[in-house]
2 protein chains.
Amino acid sequence: MANDTAHTATLVEVAAAARVSVSTASRAFNGRGEANRISASTISRVQQEAERLRFQPSQLARSLQSQRSGLIGVIVPDVSNPFFAAIAREVTVQAEAHGLSVLLADSRETTSVEIKLLGELQSRRVEGLVVCPVGEESQHLVHVDQVVTPIVLVDRCFTGLPLASVHSDNVHGAKQAFKQLLTHGHSVIGCLQRLSGTLPNEQRLSTVRNEMQQAGLVLDDSLIAGDNFTESSGYESAKLLLASRPDVTAFFAFSSPNAFNALRAAEEVGRSVTDDLSLVAFDDSPFAEFMQVPLSTVSQDLQRLGRTAAEVVLKQLKTGKKPRKRTHSFPVKLNPRQSIQDNQT
Amino acid sequence: MANDTAHTATLVEVAAAARVSVSTASRAFNGRGEANRISASTISRVQQEAERLRFQPSQLARSLQSQRSGLIGVIVPDVSNPFFAAIAREVTVQAEAHGLSVLLADSRETTSVEIKLLGELQSRRVEGLVVCPVGEESQHLVHVDQVVTPIVLVDRCFTGLPLASVHSDNVHGAKQAFKQLLTHGHSVIGCLQRLSGTLPNEQRLSTVRNEMQQAGLVLDDSLIAGDNFTESSGYESAKLLLASRPDVTAFFAFSSPNAFNALRAAEEVGRSVTDDLSLVAFDDSPFAEFMQVPLSTVSQDLQRLGRTAAEVVLKQLKTGKKPRKRTHSFPVKLNPRQSIQDNQT
DNA sequence: GCCAATTGCACAAACGTTTGTGCGAGCTTA
DNA sequence: TAAGCTCGCACAAACGTTTGTGCAATTGGC
């Protein structure tokens with residue numbers, strides 16, 4: 001009932017209160033008393049005082065001394081995007097299960113911010129990193145992995161880089177989705193990209209090109225929307241595409257938000273998904289099946305992506321060596337629903 | 001090109017390389033050289049060596065010395081829930097704009113986990129806390145605010161507690177939503193709760209009771225689904241409600257996931273939203289207007305909630321005193337769409 | 001009742017910073 | 001040329017822990 005100095009008690013104060021040295025207090029408090037021949041009475045005295053003073057050891061000091069921050073850094077382009085949120089959550093849960101905490105950072109789809117954040121996380125001495133990179137640049141990531149701390153990339157990976165990566169099988173996913181459109185007789189198909197230039201996007205795009213070619217068709221560039229970095233929304237690009245190519249009969253949206261943008265854009269120009277426009281999208285949503293037209297989607301196993309990413313980092317932390325298996329690619333699942341209909345034209 | 005000892009360079013090494021003392025290196029590196037009469041040549045020498053060795057100051061050590069961790073703790077019940085993800089993002093962005101980093105934790109809707117996480121964040125000496133509490137218990141939060149660090153609650157607030165809170169106007173929101181149902185002639189209305197016992201939930205519930213009473217109706221307990229803590233999904237409870245009260249003609253879902261659960265449950269028992277079931281939900285979603293039946297919702301201004309929460313903490317950090325205004329309540333917006341139809345019975 | 005072994009603890013260094021103070025060398029001024 | 005200034009830097013303490021080592025005091029054997 002005496003001094004509530006508003007500052008958290010330190011070990012020094014606990015030691016003083018228990019009339020022992022700081023070292024003894026430390027060992028007693030941390031259960032290392034037995035091994036260090038601290039008498040039972042002393043141990044309990046220390047623990048009582050610690051309790052009474054509400055002593056909470058400073059992780060800052062501990063980390064400094066132990067050279068282990070107990071922190072995992074997570075960088076995503078947009079936490080509010082359900083895709084990244086799901087991954088962040090999974091990593092968080094896994095990390096916490098291993099006694100680690102998560103430092104979350106949001107790069108806002110900007111490489112320069114990503115680099116800045118990477119530096120800040122480094123300076124906080126995170127022990128591992130899970131990064132959904134913006135995907136434009138990679139060298140800063142390689143450097144981190146080599147000299148600083150284990151890192152694993154999720155989703156926006158790079159090819160030919162010595163970095164651990166976890167992602168979905170974009171090629172197969174795109175192939176499945178696109179085949180659905182072809183099967184239903186569509187040949188003028190608009191693609192609504194994610195961030196252009198990033199691997200998942202390019203893989204999906206080139207898969208589309210391949211499929212078109214094999215079907216004896218060509219994918220004109222005017223059918224590819226969102227080929228600039230600035231608009232993340234995709235709404236404008238979808239509208240532009242609808243205006244410049246009114247002959248389009250189907251959309252392949254590379255992301256869930258894009259699907260939504262396509263719907264909005266189509267509605268505004270008087271086109272209606274399903275009557276005269278088909279739609280298939282990457283990434284599922286709990287709402288997809290309850291849409292005006294239940295949305296055909298290709299869903300990724302977000303939980304597995306996140307969990308695997310966490311596991312790769314955690315294992316590397318434990319064993320201290322780079323994982324043998326560098327790339328993890330997970331299958332996607334096609335959810336055929338009613339947003340794809342036969343081409344009427 | 002010499003020693004890549006795989007460990008990050010320390011100031012000691014930089015100082016040695018620049019042939020100055022650590023203190024001088026510190027001041028030179030931090031731009032405090034001028035003020036401390038360090039010669040220009042020394043300054044540049046230090047900075048060069050720092051650059052060469054890729055020196056990155058340890059925030060751990062800095063924090064220990066400065067007694068400022070530069071960390072804001074954020075605890076939410078479920079990061080993957082878009083509602084909380086949006087808030088987490090907003091806080092993250094605000095914090096980063098002020099040079100602070102965010103420690104994110106997920107309480108998994110469990111009070112005991114929340115308490116544990118709170119302790120861990122404290123031990124990391126976070127300077128402020130933004131918490132979307134599970135909402136069952138509050139005393140651990142009060143204690144934190146009083147003796148440890150500024151804290152602001154979001155969404156799941158408590159009444160009569162000396163804690164800063166940010167939330168939406170649940171009463172008015174519920175009133176608007178529910179009035180819609182009454183206006184359309186519904187009288188047997190099922191309520192799909194969030195976590196029972198939490199303030200937003202109780203406010204919405206009692207508002208519903210009031211409205212019913214004023215309309216000369218009664219809200220039987222059998223019309224209140226999800227009155228147990230274990231199921232967060234609400235799907236089972238919705239099905240039970242539909243089974244026990246087949247006369248129900250409308251649902252008021254207290255959350256976006258619940259709306260989705262209602263849809264799924266209704267479909268499985270052969271009821272169809274709009275034909276013989278109306279639905280209004282708290283929380284909007286970009287998909288709401290593209291649903292099979294465009295969903296009538298009451299939307300909260302998530303960005304504003306998150307931003308305000310961050311601001312309250314940040315201001316308190318800056319000024320050092322408790323904010324004058326303790327409670328921030330923001331208006332919600334009714335989005336009338338087609339999921340509410342006249343009662344046919 | 002003496003030596004060795006054991007018990008119970010304190011001392012001090014270290015982790016990587018920041019910051020108050022001290023101190024010598026060079027310059028001015030008289 | 002002696003006294004005083006200024007300049008440029010080094011020294012050392014401190015932040016709160018952990019941990020290796022040293023040193024009394026007690027115990028035990030004979």
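Sequence lines set the chain letters: A, B, ... in the order given, protein chains first and strands last, and positions in each chain run from 1. Atoms considered below: every heavy atom in the structure, side chains included; atoms not considered: hydrogens, waters and symmetry mates.
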Enquirer: Report yes if some heavy atom in the side chain of A:Ile38 is under 4.5 Å from a heavy atom in the side chain of A:Val46; otherwise report no.
Expert: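 Contact flag for A:Ile38/A:Val46 side chains = no.
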Enquirer: Measure the distance from CG on B:Asn30 to P on C:dG16 and round it to the nearest whole Å.
Expert: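 That distance rounds to 17 Å.
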Enquirer: Out of curiosity, A:Arg108 CZ to B:Arg89 CZ, how far, rounded to the nearest 0.5 Å?
Expert: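 Spacing of CZ (A:Arg108) from CZ (B:Arg89) equals 7.5 Å.
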Enquirer: Can you tell me if A:Ser21 touches the phosphate of C:dA10, counting only side-chain N or O atoms and a distance under 4.0 Å to OP1 or OP2?
Expert: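 Answer is yes, contact under 4.0 Å.
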Enquirer: Going by the salt bridge (charged side-chain N to carboxylate O under 4.0 Å, His left out) test, which pairs reach into residues 141-167 of chain A, not counting sequence neighbours?
Expert: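 As it turns out, the salt bridge (charged side-chain N to carboxylate O under 4.0 Å, His left out) pairs with a partner in residues 141-167 of chain A, which skip direct neighbours, are A:Glu109-A:Arg156, A:Asp145-A:Lys322, A:Asp155-A:Arg194.
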Enquirer: Answer with yes or no whether the side chains of B:Ser41 and B:Ser39 bring together a donor and an acceptor at under 3.5 Å.
Expert: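 The criterion, which ignores hydrogens and geometry beyond distance, is satisfied for B:Ser41 and B:Ser39.
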Enquirer: Can you tell me how far P of C:dC15 sits from CZ of A:Arg124, to the nearest Å?
Expert: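 In whole Å, C:dC15 P and A:Arg124 CZ are 22 Å from each other.
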Enquirer: Under 4.0 Å between any heavy atoms, over every strand shown, what does B:Arg68 touch: base, sugar-phosphate, or nothing? Just pick one.
Expert: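 Contact class for B:Arg68: none.
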Enquirer: If you check the A:Leu11 side chain, which of D:dT18, D:dC15, C:dT17 turns out closest?
Expert: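 The listed nucleotide nearest to A:Leu11's side chain is D:dT18.
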Enquirer: For DNA chain D, what residues of residues 40-48 of chain A have any heavy atom nearer than 4.0 Å?
Expert: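 Going residue by residue through residues 40-48 of chain A, none turns out to have a heavy atom under 4.0 Å of DNA chain D.
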Enquirer: Starting at atom CZ of B:Phe29, determine the distance to atom P of C:dT17, rounded to an integer number of angstrom.
Expert: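 My rounded result for the distance is 9 Å.
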Enquirer: Would you mind classifying the nucleic acid contact of B:Phe55 as base, sugar-phosphate or nothing, using non-hydrogen atoms under 4.0 angstrom?
Expert: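 If one applies the 4.0 Å heavy-atom cut-off, B:Phe55 turns out to touch the sugar-phosphate alone, with no base involved.
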Enquirer: Do B:Ser101 and A:Arg124 have side-chain N/O donor and acceptor atoms under 3.5 Å apart?
Expert: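 Side chains of B:Ser101 and A:Arg124: pair found under 3.5 Å.
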Enquirer: For A:Thr111 and A:Glu136, does a side-chain donor sit closer than 3.5 Å to a side-chain acceptor?
Expert: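 Yes, A:Glu136 and A:Thr111 have a side-chain donor paired with an acceptor closer than 3.5 Å.
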Enquirer: Of A:Gln56 and B:Ser39, whose closest DNA chain D nucleotide lies nearer the 5' terminus?
Expert: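 Here B:Ser39 is the residue nearer the 5' end.
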Enquirer: Below 4.5 Å, heavy atoms only, C-beta onward: do B:Cys157 and B:Leu163 meet side chain to side chain?
Expert: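 Contact flag for B:Cys157/B:Leu163 side chains = no.
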Enquirer: Tell me whether the side-chain N/O atoms of B:Gln67 come closer than 4.0 Å to OP1 or OP2 in D:dG16.
Expert: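 Yes, such a contact exists.
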Enquirer: Can you check each nucleotide of nucleotides 19-26 of chain C against protein heavy atoms at under 4.0 Å and return B for base, S for sugar-phosphate only, - for none, in 5' to 3' order?
Expert: BBB-----
Enquirer: Is the shortest heavy-atom distance from the side chain of B:Ile72 to the side chain of B:Leu317 under 4.5 Å?
Expert: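 Heavy-atom side-chain distance check passes, below 4.5 Å.
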Enquirer: D:dC15, OP1 or OP2 - any side-chain N/O from B:Ser63 closer than 4.0 Å?
Expert: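 Negative; the distance criterion is not met.
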Enquirer: Going by distance alone, is a donor N or O of one side chain under 3.5 Å from an acceptor N or O of the other, for B:Thr42 and B:Arg45?
Expert: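 A donor-acceptor contact under 3.5 Å links the two side chains.
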